[in-house]
Amino acid sequence: MQEKIWLSLATMGGEEKRFVQEAFDTNWVVPMGPNVKGFEQDLQRFLGGHKPVAALSAGTAALHLALRMLGIGPGDEVICQSFTFVASASPITFLGATPIFVDSEPGTWNLSPIYLEEAIKGRIQQTGKKPKAIIGVDLYGMPAMWVEIGTIAEKYEIPLIEDAAEALGSSLGGRMCGTFGKFGILSFNGNKIITTSGGGALVCPDEAAQNKTVFLATQARDSAPHYEHTEIGFNYRLSNVCAGIGRGQMMALPGFIERRRTIHAIYTQLLADVPGITVMQSPSPAFESNYWLTTILIGGRGERLKTEDRRLKTEGLERLTAIREKVRLALEAEEIESRPLWKPMHLQPVFKDAPFYGDGTSECLFAKGLCLPSGAGLKDGDIERVVNVIRH
Ligand SMILES: *Cc1c(COP(=O)(O)O)cnc(C)c1O
């Protein structure tokens with residue numbers, strides 16, 4: 001039996017146990033403490049230093065709090081990139097608001113500026129009200145078109161939230177992902193580029209927002225000797241033990257990013273001559289992905305996503321899905337884990353009534369796309385094994 005190759009396993013850098021041991025030795029086995037502060041400072045420094053960070057129990061919690069801080073409530077509409085993991089959208093519903101889904105553009109696979117503006121205009125026309133926030137995502141580590149998206153957000157004065165859960169270490173024009181919106185979301189779940197065994201963070205515009213985030217994340221306890229509450233809060237703070245893992249992981253992060261980028265480069269080189277396979281590349285050198293996952297498109301003419309592909313009707317999409325599944329199952333038969341790209345939110349049964357603005361780009365990506373094993377612990381020989389199955 002061959003050894004299983006997984007999609008994205010967590011890798012330890014070596015220093016994690018020291019920080020966790022310290023938490024035990026000093027009896028800081030609690031949901032706060034020196035590792036939490038230290039981890040927050042490590043993250044702030046890594047992101048360029050100008051934005052304070054609040055460490056939380058999950059990326060989903062961070063997004064929930066970002067929306068809560070923006071005052072989103074029942075009856076509001078929030079625009080969200082459709083092509084993403086469900087956690088980008090579900091917090092909208094936690095607050096009783098309605099998601100409005102917007103398609104991707106073919107260069108980055110992220111929020112389309114064209115359909116974003118169409119959605120804003122469409123909602124104003126239909127409801128007489130502006131959407132209250134915009135959630136864009138840096139999917140698989142690729143930065144979204146933040147310059148164009150930011151211009152539209154500013155024009156309509158709608159706050160922007162950057163879901164950078166998959167993009168720690170990516171940058172656009174030299175600026176770190178996570179810092180493009182009013183708020184930025186990070187995740188340290190087990191499969192992300194760094195892990196705290198489960199955790200997340202909210203990148204805040206200033207210290208007041210950071211303090212308010214921590215306040216809401218610790219049951220919104222007012223300052224009084226007894227327990228006094230004027231607002232409803234949550235239990236969303238990261239534990240000092242988990243933050244210790246995070247501090248060790250931050251020391252290893254530059255190496256993880258370098259390895260994931262190398263893995264992407266090796267796939268690109270080895271798959272270059274395989275007809276019908278396109279490895280996802282950044283649209284220009286300004287877009288520097290951490291290549292959290294290397295992704296490929298299968299079928300078609302072996303070029304970038306074409307306009308005619310995007311207009312495919314159900315029948316054409318089913319044919320492409322069947323080819324993609326054949327490749328995925330062939331990999332599985334050889335003990336290699338791969339996964340289809342995210343199924344767009346506007347196609348999810350749970351969101352079947354939510355409005356959608358787009359041309360089918362994300363549907364086509366879902367039909368054609370596959371994520372390949374990309375963990376930092378992957379050996380060069382593992383990559384060759386994957387490529388040989390695809391080539392075959
Ligand atoms: C992982 C992820 C999240 C959620 O983060 P958790 O820490 O798992 O709650 C949100 N958005 C995207 C795009 C993700 O990949």
Side-chain angles (χ1 to χ4, degrees), residues 7-10 36 39-40 43 53-68 78-95 99 101-102 104 108-111 133-144 146 149 160-170 177-178 180-181 183-203 213 217 234-239 242-243 245-246 249 260 280 289-295 339-346 348 350-351 362 365-366 369 371 374-375:
L7 191 69
S8 178
L9 279 189
V36 176
F39 185 42
E40 287 174 342
L43 287 165
V53 176
L56 300 168
S57 56
T60 312
L63 195 47
H64 187 187
L65 289 184
L67 292 166
R68 169 76 171 65
V78 174
I79 288 181
C80 183
Q81 179 170 325
S82 182
F83 189 50
T84 185
F85 177 52
V86 68
S88 304
S90 48
I92 301 169
T93 69
F94 298 173
L95 291 156
F101 292 115
V102 169
S104 295
T108 65
W109 299 0
N110 293 311
L111 201 61
I134 298 164
I135 302 169
V137 190
D138 304 305
L139 222 53
Y140 305 116
M142 186 62 70
W146 290 116
I149 294 167
L160 197 55
I161 299 173
E162 179 184 9
D163 181 348
E166 302 177 358
L168 184 60
S170 302
C177 283
F180 285 96
F183 289 101
I185 273 89
L186 301 174
S187 167
F188 319 115
N189 204 349
N191 56 351
K192 299 286 157 71
I193 197 153
I194 64 165
T195 182
T196 58
S197 80
L202 187 62
V203 183
T213 304
F234 306 89
N235 183 3
Y236 275 174
R237 203 67 164 127
L238 188 68
S239 90
C242 293
I245 304 174
Q249 289 269 290
R260 298 236 182 199
M280 168 58 161
S289 177
N290 63 8
Y291 286 113
W292 171 58
L293 294 183
T294 294
T295 54
R339 194 172 297 159
L341 303 184
W342 299 121
K343 179 173 178 174
M345 289 305 118
H346 72 279
Q348 297 288 354
V350 73
F351 291 128
S362 58
L365 289 168
F366 174 55
C371 304
S374 309

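Whatever order the structure lists ligands and atoms in, that order sets their numbers, starting from 1.
At a heavy-atom cutoff of 4.0 Å, ligand 1 is contacted by no atom of Ile185, backbone or side chain. Only the side chain of Ala165 comes within 4.0 Å of ligand 1, judged by heavy-atom distances.
With sequence neighbours excluded, the residues that form a ring-ring contact (aromatic ring centres under 6.0 Å, His included) with Tyr291 are His264.
Using a 4.0 Å cut-off to heavy atoms of Ser187, the atoms of ligand 1 that qualify are 1 (C), 5 (O), 6 (P), 7 (O), 8 (O). Per-residue contacts place Thr60 under 4.0 angstrom from the following atoms of ligand 1 (heavy atoms of the residue considered): 4 (C), 5 (O), 6 (P), 9 (O). Under a 4.0 Å criterion applied to the non-hydrogen atoms of Ser88, ligand 1 contributes the atoms 11 (N), 13 (C). Which parts of ligand 1 touch Ala87 is read off a 4.0 Å heavy-atom cut-off, strictly below it: atoms 3 (C), 4 (C), 10 (C).
The structure places CG of Leu56 at 11.5 Å from CZ of Phe234, a figure rounded to the nearest 0.5 Å. A distance of 10.0 Å separates SG of Cys242 from CZ of Phe39, quoted to the nearest 0.5 Å.
Side chains of Trp109 and Met280 form a contact here, defined as non-hydrogen atoms less than 4.5 Å apart.
When hydrogens are left out, the protein atom nearest atom 14 (C) of ligand 1 is Lys192 NZ, 3.3 Å; that is the closest non-hydrogen contact. Considering only non-hydrogen protein atoms, atom 15 (O) of ligand 1 sits nearest to Glu166 OE2, 2.6 Å.
Between His64 and Phe94, the ring-plane angle classifies as perpendicular under the 30° and 60° cut-offs. In this structure, Phe83 and Tyr140 have perpendicular ring planes: the angle between them is above 60°, well past the 30° mark.
Proximity annotation for atom 8 (O) of ligand 1: of Asp163, Thr84, Asn189, Leu293, Asn189 comes nearest, heavy atoms only.
The shortest N/O to N/O separation between Val137 and ligand 1 does not fall below 3.5 Å. In terms of N/O distances under 3.5 Å, ligand 1 is not approached by Trp342.
Look at Gly200 and you'll find every heavy atom at least 4.0 Å from all atoms of ligand 1. In this structure, Gly199 has a heavy atom closer than 4.0 Å to ligand 1.
Using a 4.0 Å cut-off between charged nitrogen and carboxylate oxygen, Arg260 and Glu166 do not count as a salt-bridge pair.
Side chain of Ser374 to backbone of Thr294: a donor-acceptor contact under 3.5 angstrom is found.
Aromatic rings of Phe85 and Trp342 (six-membered ring for Trp) have centroids within the 6.0 Å cut-off, being under it.
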